[in-house]
Amino acid sequence: MDKNQLNSGVMAEKQAAQPLFALADCNNFYVSCERVFQPHLEDKPVVVLSNNDGCVVARSNEAKKLGLPMGAPAFKWKDFFIRHKVFVFSSNYALYSDMSDRVMNVLASFAPEIEIYSHDEAFLSLSGNRSTDPETYARRIRREVRKCTGIPVSIGLGNTKTLAKAANKLAKSTPEFQGVFDLGQCPDRDRYLKSLQAKDIWGIGPRYARLLQGHGLYTAYDLKESNQAWIRKKLTVAGLQTVLELQGVPCVDLETQPQPAKSMVRSRSFGRPVTELSELREALSSHVHSAARRLRANGQIAGNLQVFLQTNRFKPEPQYSPCLSTCLPRATNHTQPLLTAALKLLQRIYKKGFAFQKTGVLLTDLQPEFVRQLTFWEAGAKDQESAGQLMKTLDHINARYGKDTLRYACAGFEKNWEMRRGKMSPEYTTRWPDIPRVKA
DNA sequence: TCTGGGGTCCTAGGACCC
DNA sequence: TCTGGGGTCCTAGGACCC
């Protein structure tokens, strides 16, 4: 074996010892979900709006090309939508989360270790897979997801999660790569890092990007080569990890087990300004109802509850956005005590004369149900048991017949404050009447 | 008229204790 | 009369993510 062969052998070994991550990210996920069931939207500008039909949260490439920015308030762009024949949808979360499950199932079949990072993204560990070239393997994954779900994904590969993220960005923005790019084996990695802006890197938001620019650091490469002590001081330990990960030093592990939530928020903007306490009570009750249900589904209980109100910050009127929290006498996931506590707090922070835009509830001190600390004045075990039974029955009926079949009357019936969702597509995959029909 | 919602982590600073 | 300093815990606020 000559020296070159020896070197390449050592290199191969070194490479095999390094971890390899893939980041699979669905392209314009919400838009892609709509397109699966309305194929005529392919090649057309399409956007999906946030709750309340407020902002643009997903754009097709065609919509991006028209210059429509992320987060654009829909009402300001109404004429633009008409002028450019943009197809507009309200958020259809039932559809998106079902499609997400399908995509994740396919991805999971390709790697023993997977971290579902969000609705439309997952990290896969490809470290063990050395029989196939990683890029070839990634292309196979991509084809399979498309075939099974109709959703297009892009895949980035790298020796750290941050590099996999960066590779994904390049895979998406460079058509020649056809949806897959590998920064792990890439011999001129720095050249590509120079082509990415610092703000394109995972963990660098707008504030940090501005700070970096002020110090002459513009590209991902600049960031990678920056002074670590300065980064540690200005961007905290998380920023330092980002720099190390860009250098190929893994700092962030794959989290294959979802971590239990530490807090939970339920809130919604109103469809119109709300001034009356009675309506705020209804809206808040419905948020508490929803939070409690989620808590029970997660097998958790909450020890602390916070209620907040918000006036519309875009209005020139006087603002009043109070919040108040309380330690629950007994950590719980039962709707009734949570409702009682929340409505009491609302009563205390409410002020007449303000037009509120939003209310919500924040549950913290979440713990697993089974470790609950008993209090000295604990109600009889029998009472607790029957309250638990009641919740179980409530959840069971709502799971079977729809989530609002049984609910507390204080959540209201007219719901004049409810959000707008004027342009919703059918729940094609989760509601019997909405299942698409095929004409022979 | 209409400007989203749901999370996590880190740090600084205050309160409190010895 | 002199009025220290270190540790811990908690919270608010600021940054980030999707």
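Throughout, a chain's letter reflects where its sequence line sits, starting with A, and its residues are numbered from 1. Please read these numbers as outputs of a predicted model, since none were measured by experiment.
Among the heavy atoms of the strands lying under 4.0 Å from A:D120 are primed sugar atoms or P, OP1, OP2 only; no base atom is included. Within the 4.0 angstrom heavy-atom criterion, only backbone atoms of the sugar-phosphate kind lie near A:A261; the bases stay farther away. Counting non-hydrogen atoms under 4.0 angstrom, A:K233 reaches nothing in the nucleic acid. Residue A:R210 is classed as having no contact, given no heavy-atom separation below 4.0 Å to the nucleic acid.
Both key distances under 3.5 Å define a Watson-Crick or G-U pair, and stretches of 3 or more such consecutive pairs in DNA chain C run B:5-18 with C:5-18.
Nearest to the side chain of A:N51, among B:dG4, B:dC2, B:dG6, sits B:dG4. The nucleotide whose nearest atom lies closest to any side-chain atom of A:P273 is, among C:dC18, B:dC2, B:dG4, B:dC2.
The aromatic rings of A:F354 and A:F356 are tilted relative to each other, their planes meeting at an angle between 30° and 60°.
In the model, A:T429 has a side-chain atom that pairs as donor or acceptor with a side-chain atom of A:D98 under 3.5 Å. Of the N and O atoms on the side chains of A:S90 and A:D53, at least one donor lies less than 3.5 Å from an acceptor on the other residue. A:S60 and A:E62 are linked by a side-chain donor-acceptor pair at a separation below 3.5 angstrom, with hydrogens and angles left out of the test.
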In the 5'-to-3' direction, what one-character label does each nucleotide of nucleotides 8-17 of chain C receive under the scheme B = base within less than 4.0 Å of a protein heavy atom, S = sugar-phosphate only, - = no such atom? -------SSS
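Mapping A:T236 and A:Y30 onto DNA chain B via the closest heavy atom, the residue that lands nearer the 5' end is A:Y30.
Taking atom C1' in both C:dC17 and B:dG4, one finds a spacing of 15 Å when rounded to whole Å.
Taking 4.0 angstrom as the limit, A:K358 places a side-chain polar atom (N or O) nearer than this to OP1 or OP2 of B:dG5. A sub-4.0 Å separation between OP1 or OP2 of B:dG7 and a side-chain N or O of A:R294 is absent. OP1 or OP2 of B:dG6 has not a single side-chain nitrogen or oxygen of A:S263 nearer than 4.0 Å. A close approach under 4.0 Å does occur between a side-chain nitrogen or oxygen of A:Q357 and OP1 or OP2 of B:dG4.
A cation-pi geometry, defined here as NZ or CZ lying under 6.0 Å from the six-membered ring centre and within 45° of its normal, holds between A:K351 and A:Y320. Under a cutoff of 6.0 Å and an axis angle of 45°, A:K423 and A:F89 do not form a cation-pi pair.
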Just do the salt bridge (Lys or Arg N to Asp or Glu O under 4.0 Å) check on A:E135 and A:R139 with the steps written out, would you? CA-CA 6 Å; A:E135 192 186 318; A:R139 292 201 185 279; 3.1 Å; yes
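Residues satisfying the side-chain hydrogen bond (donor to acceptor under 3.5 Å, both in side chains) test with A:D365, not counting sequence neighbours, are none.
Between A:F123 and A:Y117, the distance from one ring center to the other falls under 6.0 angstrom.
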